[in-house]
There are 2 protein chains.
Amino acid sequence: MTKARTHVLETIAQAKEPVSARQLCGKFQHEHDPATIYRALHYLEEKGRLDSFILHCSEHGTERYYVLHVAEHRHWFHCERCHRFTDLGLCQFDALVAKMSADRGLTVTSHTFYATGVCSECRAKTKVSVKTPG
Amino acid sequence: MTKARTHVLETIAQAKEPVSARQLCGKFQHEHDPATIYRALHYLEEKGRLDSFILHCSEHGTERYYVLHVAEHRHWFHCERCHRFTDLGLCQFDALVAKMSADRGLTVTSHTFYATGVCSECRAKTKVSVKTPG
DNA sequence: CAAAAATTGCAAACGACTTGCAAAATATAC
DNA sequence: GTATATTTTGCAAGTCGTTTGCAATTTTTG
Ligand SMILES: [Mn+2]
Ligand SMILES: [Mn+2]
Ligand SMILES: [Zn+2]
Ligand SMILES: [Zn+2]
């Protein structure tokens with residue numbers, strides 16, 4: 001493991017939410033070139049240490065996000081206000097996906113799911129400010 | 001409705017699967033500029049005539065796909081071999097999404113789901129060629 | 001330690017999409 | 001129906017996330 005790959009992997013391992021290449025490039029802008037960050041991400045995903053998915057958010061556009069590879073994958077909610085992720089827990093779609101694909105003779109190798117909206121904290125802020133007199 | 005908007009909407013209305021901007025630009029390359037196609041897509045989605053989602057495929061990369069807006073949305077499977085879509089039917093995730101979000105206090109405004117893999121036709125071709133003697 | 005292989009930084013390129021702007025088409029006002 | 005205002009278009013350039021060529025540096029191998 002080179003220094004760049006270690007930095008990238010440890011950052012993602014310590015994060016509580018998916019991390020984008022942009023965030024990593026920002027964090028290591030004085031240590032590693034963006035090309036090195038992208039190459040490290042490809043290397044780590046290819047070696048099975050990372051998983052990734054693409055998510056679109058109106059403010060950040062379309063970006064790939066990375067998480068540590070784990071045996072049972074999870075899905076995520078992305079808040080369009082604060083841009084943090086909420087863990088939706090272990091994937092509960094397998095049975096449904098198996099049924100949908102079996103019915104149609106499909107061999108499903110991967111699926112993507114995410115939800116977007118407003119998280120509980122941002123929702124609370126909105127309600128408070130709406131109710132505030134004056 | 002201008003000519004460009006009519007062309008875009010009718011193409012998507014007649015298609016049996018989601019259509020990308022790239023496909024539309026190819027089809028109308030002698031009639032409309034790509035900028036006009038993109039502007040027509042934005043206009044039609046904004047007016048509620050189209051829905052769209054972003055899907056990543058290893059061969060075509062990350063693109064936005066458009067379908068006619070209908071009351072109850074559907075989800076799609078994308079074949080990584082022939083790059084055609086298979087309709088997975090009406091969304092069956094609403095109950096699960098409602099539960100996941102209620103548990104966490106999330107206000108979900110949209111969700112994205114798609115599966116990728118090999119469609120039944122491409123799977124059949126593979127099996128035949130594997131079994132062929134010689 | 002020398003040669004081969006892998007990794008890096010930099011600059012340029014890529015592809016999907018967006019935008020500024022002036023011309024052309026369309027709608028609205030007399 | 002011609003002048004005026006508005007909308008839409010094509011073109012060229014720009015943006016943004018990501019990728020790639022290449023030469024220099026680092027690491028591995030013999
Ligand atoms: Mn975001
Ligand atoms: Mn495809
Ligand atoms: Zn939030
Ligand atoms: Zn197929």
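In what follows, chains are A, B, ... by sequence order, proteins preceding strands, each numbered from 1. All heavy atoms count here, side chains included; hydrogens, waters and symmetry mates do not.
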- prompt: Can you check the A:Asp33 CG to D:dT20 P distance for me, whole Å?
  reply: 15 Å
- prompt: Among C:dA11, C:dT8, D:dG17, which nucleotide sits nearest the side chain of A:Ala35?
  reply: C:dA11
task: Using whole Å, report how far CG of B:Leu55 lies from P of C:dC17.
output: 12 Å
query: Is the shortest distance from a Lys or Arg side-chain nitrogen in B:Arg22 or B:Glu63 to a carboxylate oxygen in the other one below 4.0 Å?
result: yes
- prompt: In whole Å, what is the span from the NE2 atom of B:His60 to the P atom of C:dA16?
  reply: 9 Å
- prompt: Counting just side-chain N and O atoms, does A:Thr2 come under 4.0 Å of either OP1 or OP2 of D:dT27?
  reply: no
- request: Could you state the atom-to-atom distance from CZ of A:Arg5 to P of D:dT27 in whole Å?
  value: 12 Å
- prompt: Ring centroid separation for A:Phe85 and A:Phe77, is it under 6.0 angstrom?
  reply: no
- prompt: Quick one: on DNA chain C, does A:Ala4 or B:Thr62 contact a more 5' nucleotide (nearest heavy atom)?
  reply: A:Ala4
task: Using a 4.0 Å heavy-atom cut-off across all strands, classify A:Arg39 as base, sugar-phosphate, or nothing.
output: base
- request: Kindly point out which of D:dT19, C:dA16, C:dG9 is positioned nearest to the side chain of A:Tyr38?
  value: D:dT19
task: Give a yes or no on whether the ring-centroid distance for A:His78 and A:His56 is below 6.0 angstrom.
output: no
message: What is the distance, to the nearest angstrom, from the CD atom on A:Gln29 to the P atom on C:dC10?
response: 13 Å
task: Take the protein atom NE2 of A:His42 and the nucleotide atom C1' of D:dG17, then report the distance between them rounded to whole Å.
output: 11 Å
message: Nearest whole Å is fine: how far is C:dT7 P from A:Phe28 CZ?
response: 18 Å
task: Would you confirm whether the ring centroid of A:His75 sits within less than 6.0 angstrom of the ring centroid of A:His73?
output: yes
query: Nearest-Å distance, NE2 (A:His56) to P (C:dA16)?
result: 16 Å
